[in-house]
Amino acid sequence: MNEVGIDSGSSLHTVESVGEAPVLRPVSVRAKCSSNVQSTPEIEKKYVHGVYDAIAPHFSSTRFAKWPKVSAFLSSLSPGSLILDAGCGNGKYLGLNPDCFFIGCDISAALINICADKEQEVLVADAVNLPYRTGYGDAAISIAVLHHLSTESRRRKAVEELVRVVKKGGCVLITVWAREQEDSSLIEKWTPLNQRYVEEWIGPGSPRVRNPSSPRILESIPEAEENSAVEQLKGLHANSSKVKSAEVMHPISLDEGHSLPTGSEKGYPEQQEFFVPWHLPYHRAEVSGASAVALASGLAKKDDKKGSVVYNRYYHVFSEGELERLVSGLDNAILVDRFYDKSNWCIILEKIS
């Protein structure tokens, strides 16, 4: 057993040696829940963690294409670099650069098992409480993860963790789903959270932990309200100007006074909280008893027309400038690039101290 760079607050400290290569096996990491930021809200447990555990094999089978911008970032890193992938999913980016070393983590044990079966170095961990020593990695990535965190404070903490675990001079790439989608028709398939839900869960701009005394279950918005919301959201693409990717990296120091357009100034709808469906085919659902449990508990529903079990995943989609504002005020990192790619807002940070 060999010691690795795992924070002492975690329950994981060692890895197995397979031949000459150390392999991190999927084990549960007990997060320190000393604050509301680190205490996982029920919405994430139910509509993120629970869903991805249930759909993991099918989800993994659809996740194989590498985004060019992510691939370019990973390929640009120096040989021998240690890269930390926080929210690695099925591990499609692990090992992309053969000259670098990769360690992945994800909150879904089911997805981590898929990675482990491919002999990738992975562990189960929470994005807001990464179990690595400070300054452990040379670079870190967080691809399509932050939009599953349900409060601004948790999203901010996840960014701080990504910066903490890389060395001075190391870079962090973060991507999130954009509210300004290239294909606005996709939004019609999403369920905006209804007013009752908003009143029960949403604080200033973000969901909060629901009052345990509330007996209500989550509901989709009424059809009339949904149609109205969809019509409003259809205007997103038409109203938005084409966003061009930044071709050259340039240092941009962010401070407390820095602000960028929010999107609302251009007449965009304010809706940012959605349930995004995942259709799990019946023949896939039969592989695991998780779907039967989900149907019985109301977490999922049947769609006989499409022959699938439908799960809802929670998303907070980011408006233009929101990701930059989220990282503003960091005293140990600067923003060196920002771009829009495949309906995602993306940034690259460099740790400066």
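Just so you know, residue 1 is the first one in the sequence shown, and it goes up from there. These numbers come from the heavy atoms of this one structure, side chains and all, not from hydrogens, waters or symmetry mates.
- A ring-centre distance under 6.0 Å is found for W345 and Y340.
- The side chain to side chain donor-acceptor pair (under 3.5 Å) test with Y314 is passed by exactly one of E273, H147, K46, H148: E273.
- Between A86 and L162 the shortest heavy-atom distance is CB-CD2, 3.8 Å.
- Separation of atoms CG (L84) and OG (S142) is listed at 11.5 Å; rounding is to 0.5 Å.
- At most 12 heavy atoms of other shown residues, nucleotides or ligands fall within 6.0 angstrom of atom NZ in K168.
- Side-chain contact between E160 and L330 is present, with heavy atoms from C-beta onward closer than 4.5 Å.
- A salt bridge links E42 with K45: at least one charged nitrogen is closer than 4.0 Å to a carboxylate oxygen.
- Residues A109 and V124 approach most closely at CA-CG2, 3.8 Å, considering heavy atoms.
- Between L146 and I174, the shortest heavy-atom contact is CD2-CG2, 4.1 Å.
- In this structure, the side chain of T175 engages the main chain of A144 through a donor-acceptor pair within 3.5 Å.
- Without hydrogens or angle criteria, S78 side chain to S81 main chain gives no donor-acceptor distance under 3.5 Å.
- Under the 3.5 Å distance criterion, the side-chain polar atoms of E44 are matched with a main-chain donor or acceptor of S150.
- Put simply, NZ on K189 and CG on D183 are 7.5 Å apart, with the number rounded to the nearest 0.5 Å.
- When hydrophobic clusters are built by joining Ile, Leu, Val, Met, Phe, Trp and Tyr residues whose side-chain heavy atoms come closer than 4.5 Å, directly or via intermediates, V145 is not grouped with Y47.
- In this structure, the side chains of C88 and Q120 stay at 4.5 Å or more apart for every pair of heavy atoms.
- Put simply, I107 and W278 are part of two different groups of oily side chains (I, L, V, M, F, W, Y) that touch within less than 4.5 Å, one to the next.
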| request: Test L323 against C346 for side-chain contact (heavy atoms from CB on, under 4.5 Å), laying out the working first. | output: CA-CA 8 Å; L323 188 54; C346 315; 5.8 Å; no
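- Minimum interatomic distance between H49 and T40 (heavy atoms only, all atoms of both residues): CE1-CG2, 3.5 Å.
- Contact record, A333 with I352: N-CG1, 3.7 Å, taken as the closest heavy-atom pair.
- Test L123, L94, I83 against I103 for side-chain contact (heavy atoms from CB on, under 4.5 Å) and you get one pass: L123.
- Residues L326 and R156 share a closest heavy-atom pair of O-NH1, 2.7 Å.
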| Residues S75, L96; criterion side-chain contact (heavy atoms from CB on, under 4.5 Å); working and verdict | CA-CA 8 Å; S75 298; L96 184 142; 3.8 Å; yes
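- Taking CG of L82 as the start and OH of Y136 as the end, the distance is 5.5 Å to the nearest 0.5 Å.
- Taking CG from D106 and CG from D85, the interatomic distance works out to 8.5 Å, rounded to the nearest 0.5 Å.
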| task | Please step through side-chain contact (heavy atoms from CB on, under 4.5 Å) for the pair S108 and F59, ending with a clear verdict. | result | CA-CA 12 Å; S108 169; F59 176 82; over 6 Å; no
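- No donor-acceptor pair closer than 3.5 Å links the side chain of Q181 to the backbone N or O of I187.
- A side-chain donor-acceptor contact under 3.5 Å links K92 to the backbone of A65.
- With 3.5 Å as the limit, one finds a donor-acceptor pair spanning the side chains of N90 and S60.
- I141 places a side-chain heavy atom less than 4.5 Å from the side chain of L74.
- Both V51 and L295 are members of a single hydrophobic cluster when ILVMFWY side chains are connected at heavy-atom separations under 4.5 Å.
- Donor-acceptor pairing under 3.5 Å is lacking for the side chains of R164 and Y132.
- At least one donor-acceptor pair under 3.5 Å links the side chain of R155 to the backbone N or O of L149.
- In this structure a side-chain-to-backbone donor-acceptor pair under 3.5 Å is missing from K66 to S71.
- Within a 6.0 Å radius of NZ in K306, no more than 12 heavy atoms belonging to other residues, nucleotides or ligands are found.
- Rounding to the nearest 0.5 Å gives a distance of 6.0 Å between CG of N332 and NZ of K351.
- Between the side chains of Y282 and S291, no donor N or O sits under 3.5 Å from an acceptor N or O.
- With salt bridges taken as basic N to acidic carboxylate O contacts below 4.0 Å, none links R325 and E322.
- Taking hydrophobic clusters as Ile, Leu, Val, Met, Phe, Trp and Tyr residues chained together by side-chain heavy-atom distances below 4.5 Å, V310 does not share a cluster with V48.
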| task | Evaluate side-chain contact (heavy atoms from CB on, under 4.5 Å) for Y311 paired with Y52, printing each intermediate quantity in order. | result | CA-CA 9 Å; Y311 287 85; Y52 279 101; over 6 Å; no
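- With hydrogens and angles disregarded, no donor-acceptor distance shorter than 3.5 Å links the side chain of D303 to the backbone of S308.
- In this structure, NZ in K69 is found 7.5 Å from CG in D337, a value given to the nearest 0.5 Å.
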